[in-house]
There are 2 protein chains.
Amino acid sequence: MAGRRTDTRQRIQEIALELFSERGYEQTTLQEVAERLEITRPALYYHFKAKEDILNGVIEDLNASLDELVEWARAQPHTAAAKREILGRIADLLEDRWRPLFRFAQVNQTAMERIPAGEGMQERLITLLSVLTTPGADPVRQFEERLAVFALILGTLPFLFEMELPEDQRTATAMTVAAKLVSGQ
Amino acid sequence: MAGRRTDTRQRIQEIALELFSERGYEQTTLQEVAERLEITRPALYYHFKAKEDILNGVIEDLNASLDELVEWARAQPHTAAAKREILGRIADLLEDRWRPLFRFAQVNQTAMERIPAGEGMQERLITLLSVLTTPGADPVRQFEERLAVFALILGTLPFLFEMELPEDQRTATAMTVAAKLVSGQ
DNA sequence: GTCTATACTCGGATAGAC
DNA sequence: GTCTATCCGAGTATAGAC
């Protein structure tokens, strides 16, 4: 177990993201990351030139996933049905593997704002919002369409429901509400 | 300007909140706070026993405001009209003086989670959400009612609209959407 | 009661040896 | 690719001046 050396970079990202999510980005010390990997603190600096670079790398992977989605979404027409389908794919993305990372981004906004990939993620989300927005519609309509995305994201937060609802039913409920919002009821 | 003063504690809170909001809580150093006040760094420790205590004091003031609102809201009936009125008061609170603080709390969630007053604020917000929730209603209905509060909060974020809309029209739009959500359209 | 000087510890970062 | 040694800056503690 102690002889591997080529996958260290990736292992750093995994462990770091785990700790960043648990304790928050700023509260996590590189000492803790190094200890879990059983290397020393300066050794991390061979693979990443700064703490922020570790986080940046992880978010870049997320952005690549978002890029596919955004590209596809831009090609869709401005119909309610197409918008529901876009929301469905956003929900899938949250489901698949990125949910913890979305939650992290939400809780650690100050860190996200300081890294390039964080800016990139925000740009992609804004693009997604604008794809869902009917051009020329009145502001209330546009706001409802945009709110739909946040309904999906908020649906992943347990505290939004005190009600005892299993997770899959929570996300289903959020999707229903989001679909209503883009459909204009 | 170099003499001793008696309002230092309050001035610390004001300046600190300003800087915390600009650069984020963790990125703000006590050195910067002290410099703006033209005192030394250790002097801060006479008034507050830790950096987190400065933030905690500010949030306690907000919680006191929230308490009034929560107490009043609990006494309201579960009618759509009453819920719209509750949302109106939440919007007023955001308007009045607490908007920057709400924004701060959103962006600096990790810091908020570590201070007692942050927990207190979250409890109060959850109470507000539950007051807006019709007991026994189906989950979709309940989620819509809760989402209304977030519509108000999100309405304060400029980036949610690319559209060129002045701030007062943004908040008005958010209020309209929120009202629709609790009214079940 | 209000503040300054000083010092300690820990975390991020760099240089250079193996 | 990883280590030791070292630096710097930030939060914190304490002694003591006024």
Side-chain angles (χ1 to χ4, degrees), chain A residues 1-59 104 108 110-118, chain B residues 1-59 104 108 110-118:
Chain A
M1 260 331 160
R4 310 287 264 358
R5 287 292 125 70
T6 45
D7 59 341
T8 306
R9 190 188 157 88
Q10 200 187 332
R11 288 176 59 235
I12 292 175
Q13 286 180 318
E14 282 166 20
I15 297 294
L17 180 58
E18 231 177 274
L19 292 171
F20 290 169
S21 297
E22 278 171 28
R23 314 146 122 66
Y25 172 76
E26 328 261 4
Q27 291 306 114
T28 306
T29 72
L30 294 183
Q31 182 64 34
E32 293 169 317
V33 177
E35 266 167 20
R36 276 237 202 155
L37 291 163
E38 292 179 343
I39 58 177
T40 62
R41 200 161 31 130
L44 295 171
Y45 283 85
Y46 172 75
H47 301 277
F48 297 92
K49 58 184 263 303
K51 185 184 180 186
E52 289 186 356
D53 281 18
I54 301 177
L55 177 58
N56 197 62
V58 178
I59 303 298
F104 170 85
N108 294 270
T110 48
M112 294 293 289
E113 283 169 9
R114 293 200 316 268
I115 61 175
Chain B
M1 264 321 138
R4 315 212 146 169
R5 28 197 322 168
T6 49
D7 59 341
T8 307
R9 191 187 156 90
Q10 198 189 332
R11 288 176 61 235
I12 292 174
Q13 287 180 317
E14 281 167 20
I15 297 294
L17 180 59
E18 230 176 275
L19 292 171
F20 289 168
S21 297
E22 278 171 27
R23 314 145 121 67
Y25 172 77
E26 327 261 4
Q27 291 305 113
T28 305
T29 71
L30 293 183
Q31 182 64 36
E32 293 170 317
V33 177
E35 268 168 18
R36 277 238 202 153
L37 292 164
E38 292 178 343
I39 59 177
T40 62
R41 196 163 32 127
L44 295 171
Y45 282 83
Y46 171 75
H47 300 277
F48 297 92
K49 56 184 266 305
K51 185 184 182 187
E52 289 187 357
D53 281 19
I54 302 178
L55 178 57
N56 197 61
V58 178
I59 304 298
F104 169 85
N108 295 271
T110 48
M112 293 293 289
E113 283 169 9
R114 293 199 317 268
I115 60 175

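Just so it is clear: chains get the letters A, B, ... in the order the sequence lines come, proteins before strands, and each one is counted from 1.
- Put simply, CD on B/E35 is 12 Å from P on D/dG11, counting in whole angstrom units.
- Taking atom CD on B/Q10 and atom P on C/dT2, their separation rounds to 14 Å, with Å as the unit.
- When rounded to the nearest whole Å, the span between CD of B/Q27 and P of C/dG12 equals 12 Å.
- When rounded to the nearest whole Å, the span between CG of A/L30 and P of D/dT2 equals 15 Å.
- Two residues are said to be in side-chain contact when any heavy atoms from C-beta on lie closer than 4.5 Å; B/E52 and B/L55 fail this criterion.
- Heavy atoms only, all atoms of each residue included: A/N108 and A/G24 are closest at OD1-CA, 3.6 Å.
- Under 4.0 angstrom from either OP1 or OP2 of C/dC3 there lies at least one side-chain N or O belonging to B/T8.
- Computed from coordinates, the A/I39 CD1 to D/dT2 P distance equals 6 Å when rounded to whole Å.
- The nearest whole Å value for the distance from the CZ atom in B/R9 to the C1' atom in C/dG1 is 14 Å.
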Test side-chain contact (heavy atoms from CB on, under 4.5 Å) on A/L44 and A/I12; report intermediate values, then the result.
CA-CA 8 Å; A/L44 295 171; A/I12 292 175; 3.7 Å; yes

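- Of the side-chain N and O atoms in B/H47, one or more sit less than 4.0 angstrom from OP1 or OP2 of C/dC3.
- No donor-acceptor distance shorter than 3.5 angstrom exists from the side chain of A/Q10 to the backbone of A/D7, with no hydrogens or angles considered.
- Atom pair B/L37:CG and C/dC3:P shows a separation of 10 Å (rounding to whole Å applied).
- For D/dT12, the OP1/OP2 oxygens have a side-chain nitrogen or oxygen of B/Y45 closer than 4.0 Å.
- In terms of phosphate contacts, B/Y46 brings no side-chain nitrogen or oxygen within less than 4.0 Å of OP1 or OP2 of C/dC3.
- Looking at heavy atoms from C-beta onward, B/V33 lies out of side-chain contact with B/K51 at the 4.5 angstrom threshold.
- Considering only side-chain atoms of A/R41, the nucleotide from D/dT2, C/dG11, C/dT14 that sits closest is C/dG11.
- Within 4.0 Å (heavy atoms only), A/T40 reaches at least one base atom of the nucleic acid.
- As rounded to whole Å, 20 Å separates atom P of D/dA10 from atom CZ of B/F48.
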